[in-house]
Amino acid sequence: MSKSSETPVSQPTQWQTVGRRRMLQIAGAAMATPYFAWSPRTMADEPTSKNDRISIGVIGAGGMASGNIKSAEKWLDVVAVADVDSKRADSFNDKFSDGKAKVYNDYRAMLDRDDIEVLHIATPDHWHTKPLIEAMLAGKDVYCEKPLTLTVDEGKLIRKVQKQTGRIVQVGTQQRSTLHLFTKAMAIVNEGRLGRLRRVQAAIGGAPSSPSIPVAEVPANLDWDRWLGPAPKVDYRYIKNGRRPNTNCHYEFRWWYEYSGGKLTDWGAHHVDICNWALKLNGQTEGPTSLGGTATHPVEFKDGVAQQNDRYNTATAFNFTVKYPGGTEMIIRNDTDNGVLLEGDKGRIFVNRGKLVGKPVDDLKENPLPEDALSKVYKGLPMDLNGRSQHWANFLHCHREGLEPISDVHSHMQMLNLCHLAGICARTGRDLTWDDASEQIVGDEQANSMLARPYREGYEIEMG
């Protein structure tokens with residue numbers, strides 16, 4: 001596998017240099033622009049003729065990939081699709097490429113294709129880190145679904161490789177691009193309307209349990225060994241149960257610690273991200289010092305390991321408190337209205353995907369935000385769309401200009417570490433002391449060992 005396009009950050013390429021100039025241009029222009037305007041030439045204005053469209057390869061062709069590509073298809077040509085489920089790959093190819101894209105079982109065949117400009121990774125969570133790192137080393141820019149990793153140590157490696165290669169990576173935390181709700185909430189914080197944040201809360205709902213799921217015959221269209229990939233070799237399980245089946249495969253992988261982190265990393269990757277973004281925008285940049293709380297699981301755990309393998313095992317209910325220097329706390333819980341609550345010494349606001357409320361929001365009628373307030377928190381980048389389409393426009397603009405996107409891997413891993421720590425706290429049943437500088441759990445050898453996981457032989461990350 002060729003890695004000829006790997007570039008150390010100490011030697012910026014031409015596109016990186018142009019990108020820095022463009023960043024300065026946008027930052028200057030943004031100071032005088034309203035919320036949904038920015039500067040000349042946005043992604044919405046980009047020509048969509050065949051010669052101007054971006055060729056993309058898609059790794060993982062399920063519902064998430066379909067929704068994402070649908071949001072960005074006017075700028076993209078899907079030229080390659082990789083999925084271990086041939087039925088999904090063929091259906092995706094027919095829908096988005098009229099059956100003309102090259103279909104692969106193994107995504108690695110895409111990495112040497114010079115005609116593929118960017119990649120989209122929309123696999124199950126345990127298949128995010130390996131293809132992302134290998135794609136960056138192969139010189140590709142990537143839009144990768146959240147959460148980026150299963151472990152803290154995977155995040156360290158992703159950040160290291162991104163710095164080494166300078167590749168553009170957008171994380172699929174599209175709430176950052178929901179301008180009228182979450183981005184506006186961040187602008188309120190950034191303008192000092194809440195004062196110092198004392199308490200932030202991510203309410204993310206609980207997770208389902210399941211009955212015993214029997215071993216089943218693997219569908220002919222599914223390469224089960226490759227679906228498992230880096231995870232341990234186990235039997236395929238499946239049972240029909242109402243609208244959605246119970247299984248350890250498609251979609252339901254979220255409720256198995258072997259492949260995900262349950263709600264803590266599924267929705268936590270969205271709302272904990274907003275909490276962390278608010279703290280950092282508010283100048284409260286010191287990392288957490290501890291995390292503790294309680295969790296309920298549908299199976300027994302011993303030494304952090306589920307003692308049953310025939311049913312969902314991630315936490316169904318939980319309430320954790322993350323503590324920061326100076327007394328600020330972050331609450332991660334399942335048992336109240338889904339959304340983000342931000343409480344400061346000057347006021348409080350609540351935001352979710354349906355509303356942004358609170359007295360500081362009401363006060364905007366008489367004391368509106370400055371015209372450049374949203375631009376400031378959105379890194380001075382184009383804001384001509386909203387939601388998922390905006391998130392993709394942001395990625396593709398940054399790909400073309402060599403800029404850091406709104407959901408970068410470094411801020412993502414700052415918050416995802418908290419979600420992983422909550423999962424470790426849940427499985428061990430112990431509160432954790434955290435050294436943010438070294439990214440290590442202090443005084444608990446067993447819990448600290450859970451910051452990493454072994455990869456199954458044959459599915460290691462290819463760093464060469």
Side-chain angles (χ1 to χ4, degrees), residues 5 13-16 18-19 22-23 25-26 36 38-83 88-104 107 109-123 131-132 135-136 138-145 165-172 174 177 381-407:
S5 54
T13 60
Q14 182 178 7
W15 64 262
Q16 288 173 312
V18 171
R22 183 63 173 159
M23 175 73 88
Q25 294 168 0
I26 293 173
F36 292 90
W38 61 288
S39 65
R41 195 175 181 83
T42 68
M43 274 302 300
D45 297 325
E46 294 285 356
T48 55
S49 69
K50 185 67 177 177
N51 291 336
D52 292 304
R53 292 163 65 85
I54 294 173
S55 296
I56 190 170
V58 176
I59 304 172
M64 187 59 70
S66 294
N68 280 325
I69 297 303
K70 182 67 176 177
S71 296
E73 61 183 343
K74 71 176 181 177
W75 306 305
L76 300 171
D77 287 322
V78 177
V79 298
V81 181
D83 201 294
R88 285 189 167 206
D90 291 341
S91 175
F92 188 93
N93 189 15
D94 290 342
K95 184 175 182 179
F96 293 104
S97 306
D98 294 326
K100 297 176 183 178
K102 177 70 174 177
V103 174
Y104 301 94
Y107 69 89
M110 293 184 183
L111 301 184
D112 287 329
R113 284 185 52 171
D114 293 336
D115 62 319
I116 295 177
E117 295 183 56
V118 299
L119 291 172
H120 176 37
I121 299 173
T123 54
L132 172 56
M136 287 191 286
K140 307 297 185 186
D141 291 344
V142 185
Y143 184 117
C144 185
E145 265 309 318
T165 62
R167 302 319 308 177
I168 307 303
V169 181
Q170 177 84 299
V171 186
Q174 72 274 8
S177 294
L381 295 166
M383 295 185 297
D384 51 303
L385 298 168
N386 199 24
R388 192 184 295 194
S389 292
Q390 170 61 33
H391 210 55
W392 271 91
N394 175 261
F395 167 60
L396 297 173
H397 173 80
C398 291
H399 160 70
R400 283 177 165 164
E401 301 291 344
L403 302 174
E404 181 181 81
I406 191 61
S407 290

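It should be emphasised that the depicted structure is a prediction, and the values quoted were computed from it without experimental measurement.
Take F96 and apply the ring pair (Phe, Tyr, Trp, His ring centres under 6.0 Å) test, not counting sequence neighbours, and it matches F92. Applying the side-chain contact (heavy atoms from CB on, under 4.5 Å) test to D115 and every residue at least two apart in sequence or in another chain returns V79, R113. Under the rule for a side-chain contact (heavy atoms from CB on, under 4.5 Å), the partners of Q174 that lie at least two apart in sequence or sit in another chain are H270, R353, H391. For Y107, the ring pair (Phe, Tyr, Trp, His ring centres under 6.0 Å) partners at least two apart in sequence or on another chain are W127. When the side chain to side chain donor-acceptor pair (under 3.5 Å) test is applied to K70, the partners found at least two apart in sequence or on another chain are E73. Considering only residues two or more places apart in sequence or on other chains, E145 meets the side-chain contact (heavy atoms from CB on, under 4.5 Å) condition with M64, N68, H120, A122, H128, Y143.
Within the structure, no pair that satisfies the salt bridge (Lys or Arg N to Asp or Glu O under 4.0 Å) test touches residues 387-399, not counting sequence neighbours.
Shown here for A101 and N93, the closest heavy-atom pair between the two residues is N-OD1, 3.0 Å. Across A135 and V142, no two heavy atoms sit closer than the pair CB-CG2, 3.7 Å. Contact detail for A61 and A89: the closest heavy-atom pair is CB-CA, 4.2 Å. Between A65 and V58 the shortest heavy-atom distance is CB-CG1, 4.0 Å. Of all heavy-atom pairs spanning G62 and D83, the tightest one is N-OD2, 4.3 Å.
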Tell me, with the steps shown, if I116 and K140 meet side-chain contact (heavy atoms from CB on, under 4.5 Å).
CA-CA 8 Å; I116 295 177; K140 307 297 185 186; 4.2 Å; yes
Take M136 and D141, measure what side-chain contact (heavy atoms from CB on, under 4.5 Å) needs, and give me the verdict at the end.
CA-CA 7 Å; M136 287 191 286; D141 291 344; over 6 Å; no
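Separating the CD1 atom in I54 from the CG atom in D77 is a distance of 9.5 Å, to the nearest 0.5 Å. Expressed to the nearest 0.5 Å, how far CD of Q390 lies from OG of S71 amounts to 11.5 Å. If you take CG on L132 and SG on C144, they are separated by 5.0 Å, rounding to the nearest 0.5 Å. Atom CD1 in I59 sits 4.5 Å away from atom CD1 in I121 (nearest 0.5 Å). Between the CG atom of N394 and the OG atom of S407 there is a distance of 7.5 Å, given to the nearest 0.5 Å.
With contacts defined as side-chain heavy-atom distances shorter than 4.5 Å, the pair R400/L396 does not qualify.
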